[in-house]
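Notes for the one structure printed next.
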Amino acid sequence: MSVIVWFRQDLRLADNLALAAAVETGEPILPVYILDKEAMLGGASRWWLHGSLEALGGELEKRGAPLVLRRGLAADILPSLVAETKASAVFWNRCYEPTAIARDTTLKASLAASGIAAKSFNAGLLAEPCEVQTGGGGPYKVFTPFWRSLAARAPFAAPLRAPKNLRGLAGIASDDLSRWNLRPAKPDWAGGLRTAWRPGEKHAAARLSYFLDELVVGYATMRDLPAVEGTSRLSPHLHFGEISPRQVWAAADAVSRTTPEASSGVMSFLREVGWREFTHHLIYHWPEMVDHAWKPEFEDFPWAHDDALLSAWQRGRTGYPIVDAGMRELWSTGYMHNRVRMISASFLVKDLLIQWRHGAEWFEDTLVDADIANNRAGWQWVAGSGVDAAPYFRIFNPVTQGEKFDADGQYIRRYVPELVRLDNRYIHRPWEAPSAMLAVAGIELGATYPKPIVEHARARARALAALASIKKG
DNA sequence: GTCTCCTTTTA
DNA sequence: AAAAGGAGA
């Protein structure tokens, strides 16, 4: 007899309820990770996954239960592992994306039908989608009431410690992680990712501590400045489950108790954790939101498909420095500061009138924290096609946003070296700079750096007209 | 029905 | 100062 622990987006030992439950049974444990051959993981996510599995595998091995890697479909692999190991149970922590729910529901039924105890747990959210309801019994559609209702459930269960020792099973074949080719080889484009990130549970915990010790005090104001290290940068760790939201909550809450001057920073940080909960809540209750606009009238939106413009956006060659800096940060580090995500997303959807789904797909290809719920709900927020009653004027101005949040152009200069010598006054609008100043800075618009691919004022008017054209009534 | 409120906005 | 429209109590 033995218990299989199926790891998915919970690549950690601490506060892992499925693992803890398996330990509790007293049976030998077989930890397994299955690389779904049908899952379309983006390149940056694949890179991260390699590091995360390497770290998890090392820790499990140290404790006596090495991680077994298999590739294929869980529906094929788990039953065959059950047979191979004479397992009596399979435990896992729940995921909330529609495709994962469909897969897990079927699997649970078929395992149960063959007499296997298939048990799932919540180790990924502070509260599961069905646990947070409006007074009328339905799901929330507005963040603030959702957040109030979620926060009222605190304190949350205390996070569990990692098990010290595990009883493993010997002789179960595993794939070789390096053969999965999750890391890019030819060419190896992951240099920027390696510089920016350290995947794995240990690094997730270290990052949380560092953030709470050094940054959270200033979080409320610094979090909006892309040039500054002011955010937690925990998103990829949370996405892969190297750290749990309960661990984050507990640690942040403890800081605000011991350090009152940090409490407002902690509050605004936890609110962002609340946004992660909210997007998972939305995607759970409206799974069609993953691929379709939540607001049906957006089916008729006059999108302007243009591959050349899409590609200019993807490559960071729009001629708007804040957008280009963001897109290049994404390309080189697998990450983009949240403020800039909003600006560049608004630019794609409103200024270029390109369907939000193209943007969402690009982000999922390139982000280390690519997360269906956060990403799709975020894009729909920007597009105005999501649940919130979006003001029609939710159109970011790339120049004023740049001037407001990157006043000295430090962020621009970091990622758009062509503009490094341009005077601050024009760093966010090089096309208005006097030609002598451009010459001194070594810039030739249209050659060394693009001219704006659209004129924002005109693009804004066009977006407003497009939005008006689909208005109900 | 009434009242309040709404991450990120714009000009 | 203005902005659409609706959620939530």
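Values reported hereafter were calculated over all heavy atoms of this structure, with side chains retained and with hydrogens, waters and symmetry mates removed. Chain naming here is simple, since letters A, B, ... match the order of the sequence lines and numbering starts at 1 in each.
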Do A/Y96 and A/E128 have side-chain N/O donor and acceptor atoms under 3.5 Å apart? yes
For A/D224, report the nucleic acid contact type (base, sugar-phosphate, nothing); a contact means any heavy atom under 4.0 Å. nothing
Checking all strands, does A/E272 fall into the base, sugar-phosphate, or nothing category for heavy-atom contacts under 4.0 angstrom? base
Kindly say if A/R339 contacts the phosphate of B/dT9, meaning a side-chain N or O under 4.0 Å from OP1 or OP2. yes
Provide, to the nearest angstrom, the distance between the CD1 atom belonging to A/I395 and the P atom belonging to C/dA3. 15 Å
Closest approach to the side chain of A/R460, judged atom by atom: which nucleotide of B/dA11, C/dA9, B/dT9 is it? B/dA11
Within this structure, what is the CG-to-P distance between A/L464 and C/dA2, rounded to whole angstrom? 18 Å
For A/K404 and B/dA11, give me the distance from atom NZ to atom C1', rounded to whole Å. 12 Å
Pairing of DNA chain B as dot-bracket, 5' to 3': ( ) intra-strand, [ ] crossing, | other strand, . unpaired, with Watson-Crick or G-U pairs under 3.5 Å? .|||||..||.
Please determine if A/R315 forms a cation-pi arrangement with A/W313, meaning its NZ or CZ atom is less than 6.0 Å from the six-membered ring centre and no more than 45° off the ring axis. no
Looking across every strand, which nucleic acid part, if any, lies under 4.0 Å from A/R148 by heavy atom: base, sugar-phosphate, or nothing? nothing
Atom-to-atom span, CZ of A/F298 to C1' of C/dG5 - whole angstrom: 13 Å
Please pick, from B/dT10, C/dA7, C/dA9, the nucleotide with the shortest atom-to-atom distance to any side-chain atom of A/K141. C/dA7
Measuring centre to centre across the rings, with the benzene-like ring taken for any Trp, is A/F146 within less than 6.0 Å of A/F278? yes
d(CH2, A/W294; P, C/dG5) in whole Å: 14 Å
Establish, yes or no, whether a centroid distance under 6.0 Å links the rings of A/F363 and A/W379. yes
Rounded to whole Å, please give me the gap between CZ in A/F278 and P in C/dA7. 12 Å
Suppose you measure atom P in C/dA4 against the same atom in B/dA11; what distance do you get, rounded to whole Å? 16 Å
Carboxylate-amine/guanidinium proximity below 4.0 Å for A/K108 and A/D104: no
Measuring to OP1 and OP2 of C/dA9, would you say a side-chain N or O of A/Y140 lies under 4.0 angstrom away? yes
Can you find a side chain N or O atom of A/N397 that sits less than 4.0 Å from OP1 or OP2 on B/dA11? yes
List, one per line, each side-chain donor-acceptor pair under 3.5 Å for residues 220-229 of chain A, sequence neighbours excluded.
from	atom 1	to	atom 2	distance (Å)
A/T221	OG1	A/G218	O	3.3
A/D224	OD1	A/R339	NE	3.2
A/D224	OD1	A/R339	NH2	3.1
A/E229	OE2	A/R207	NH1	2.6
A/E229	OE2	A/R207	NH2	3.1

Can the ring centres of A/F269 and A/F211 be said to be less than 6.0 Å apart? yes
Nearest-neighbour nucleotide for the A/F405 side chain, B/dT9, B/dA11, C/dG8 considered: B/dT9
Between atom CZ in A/R394 and atom P in C/dG5, what is the gap in whole Å? 14 Å
Does the ring centre of A/F121 sit less than 6.0 Å away from the ring centre of A/F91? yes
Starting at atom CZ of A/F347, determine the distance to atom P of B/dT9, rounded to an integer number of angstrom. 18 Å
